[in-house]
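Remarks on the structure that follows.
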Amino acid sequence: MSNQGFEHQFVNAVSQVPKADWQQLAGTAIFTSYEWLDALEQSHSVGGHSGWQPHHLVIFEKHTAKPVAILPGYLKSHSYGEYVFDWAWAEAYERHNLAYYPKWLSAVPFTPVVGPRLLCQAPTDALLQYILTILNDSTSHYGWSGFHINFPYHKENWPTEKLMERLGVQFHWHNRNYADFDTFLASMKARKRKMIKKERAQVHNSGLHIRWLQTEQITPEVIYQFYRCYCQTYRKRSGHNGYLTQQFFTLLFANLPNNTALCCAYQTDPNQDASSFIAASLYLIDEGTLYGRYWGALEESEHLHFELCYYQGIERAIEQGLQRFDAGAQGEHKLLRGFEPVYTRSFHTIAHPLFEQAIAEFIHTERAQLAQYYQQCQSLLPFKEQ
């Protein structure tokens with residue numbers, strides 16, 4: 001198809017696209033699924049005064065009402081909840097009495113997960129060029145400072161000659177065909193293996209009970225207790241209750257029961273009342289990958305974070321034959337526990353020519369520093385030399 005073979009529309013809600021059409025294009029990826037993004041909107045976790053205004057780009061084949069591609073996106077009035085940090089860019093704009101916001105962003109709100117951004121069964125160069133033309137024209141027409149695409153799959157061939165590519169580093173665990181957790185530990189150097197065994201033993205000997213909950217086991221009371229944990233994490237870290245509402249998690253567990261689970265810690269037998277519930281971590285599964293998200297604890301317990309967020313996840317990934325475990329962004333302490341550095345990508349366009357040049361130079365310098373950081377992370381891995 002040529003560029004003249006497409007039409008487009010920005011929609012302000014996932015529900016403005018037929019669910020069957022959205023899911024046909026989204027495939028099995030959970031974080032850009034209709035259910036995930038609609039739960040964000042229906043629960044008011046995005047929209048309103050959140051600073052994330054849904055503004056999804058839908059592409060149609062000309063003269064048909066059938067979507068052929070969707071680029072989920074948001075108009076942003078701040079940079080919170082993105083995990084590709086551009087605060088310095090916004091501050092530079094402010095120093096020159098210019099507005100960095102609004103900007104347009106294609107990303108999964110509040111979770112730095114690598115995955116499909118362009119929802120399309122058969123993307124072509126012509127389609128990508130058309131999308132970039134629409135976004136450039138919209139940037140100029142609406143006065144956005146630019147547009148951005150965060151954490152796309154590496155197989156999405158966004159043209160780097162027209163977009164600034166910025167790299168990042170996350171830490172993911174990879175399954176090397178481990179038979180069980182002990183086999184995984186056996187691949188490590190003795191000192192690191194001993195450290196992990198000691199951490200797990202301390203949790204086990206503390207008297208806490210660890211239990212995985214799924215589907216009908218995740219009752220409204222469990223969701224309430226988990227939400228308390230979620231809020232506690234954000235209150236300690238940022239002084240607010242977090243970005244997501246309790247209704248979001250209620251909708252998530254109801255609409256994606258086969259993709260979600262909670263790993264919970266109880267002070268006493270988990271079949272007793274909710275007063276013994278002290279911590280939990282949310283897990284999701286899609287396309288051979290386990291994702292750990294939104295940990296929280298109502299009481300402090302040494303090494304419980306590592307147990308619920310890392311070791312239990314590794315065990316589950318091995319048991320279910322999953323190839324990768326993404327436990328979230330940042331955290332060099334993951335390296336000592338078997339998570340490996342991986343590069344992530346984001347793409348950026350800045351409308352102002354002088355700022356575009358300055359940011360391009362910054363990204364170039366940052367890339368060299370990041371390569372050095374990546375090598376340092378590799379040197380800290382705990383595995384035996386092959």
Does the salt bridge (Lys or Arg N to Asp or Glu O under 4.0 Å) test come out yes or no for Asp86 and Lys103, once each step is laid out?
CA-CA 11 Å; Asp86 61 355; Lys103 63 179 183 179; 2.6 Å; yes
Heavy-atom side-chain contact between Asp326 and Tyr291 under 4.5 Å:
yes
Closest heavy-atom pair, Trp104 versus His55, reported as atoms and distance to 0.1 Å, is NE1-O, 3.0 Å
Can you establish whether the number of heavy atoms outside His154 located under 6.0 Å from its atom NE2 is more than 12?
yes
Regarding Tyr74 and Glu82, is there a side-chain donor-to-acceptor distance under 3.5 Å anywhere?
no
What is the ring orientation for Tyr374 with Tyr343, classed by angle as parallel under 30°, tilted 30 to 60°, or perpendicular over 60°?
parallel
Relative to the ring of His174, is the ring of His172 parallel (under 30°), tilted (30 to 60°) or perpendicular (over 60°)?
tilted
Main-chain N/O of Leu244 paired with Tyr227 side-chain donor or acceptor, under 3.5 Å:
yes
For Gly328 versus Lys334, what's the shortest heavy-atom pair and its separation?
O-NZ, 2.6 Å
Fit a plane to each ring of Phe6 and Tyr130, take the angle between them on a 0 to 90° scale, and name the class: parallel (under 30°), tilted (30 to 60°) or perpendicular (over 60°).
tilted
Heavy-atom pair of closest approach, residues Leu127 and Cys120:
CD2-SG, 3.6 Å
Pick from Tyr243, Trp36, Phe226: which one makes a ring-ring contact (aromatic ring centres under 6.0 Å, His included) with Phe249?
Phe226
Parallel under 30°, tilted from 30 to 60°, perpendicular over 60°: which one fits the rings of Phe10 and His8?
perpendicular
Between Thr111 and Arg293, do the side chains contain a donor N or O and an acceptor N or O under 3.5 Å apart?
yes
Heavy-atom closest contact (Ile350 atom, His148 atom, distance)
CD1-CE1, 4.0 Å
Any Lys/Arg nitrogen of Arg193 or Asp182 sitting under 4.0 Å from an Asp/Glu carboxylate oxygen of the other?
no
Does a sphere of radius 6.0 Å around OH in Tyr80 hold more than 12 heavy atoms from other residues, nucleotides or ligands, not counting ones at 6.0 Å or beyond?
no
Answer whether the closest heavy-atom distance between the side chains of Val203 and Ser301 falls below 4.5 Å.
no
Kindly indicate whether a cation-pi arrangement holds for Arg200 with Phe181, taking the cut-offs as under 6.0 Å to the six-membered ring centre and within 45° of the axis.
yes
Would Arg316 count as a cation-pi partner of Tyr283, with NZ or CZ less than 6.0 Å from the six-membered ring centre and within 45° of the ring normal?
no
Ignoring hydrogens and geometry beyond distance, is a side-chain donor-acceptor pair present between Glu165 and Thr160 at under 3.5 Å?
no
Between Arg345 and Glu156, does any NZ, NE, NH1 or NH2 come within less than 4.0 Å of an OD or OE carboxylate oxygen?
no
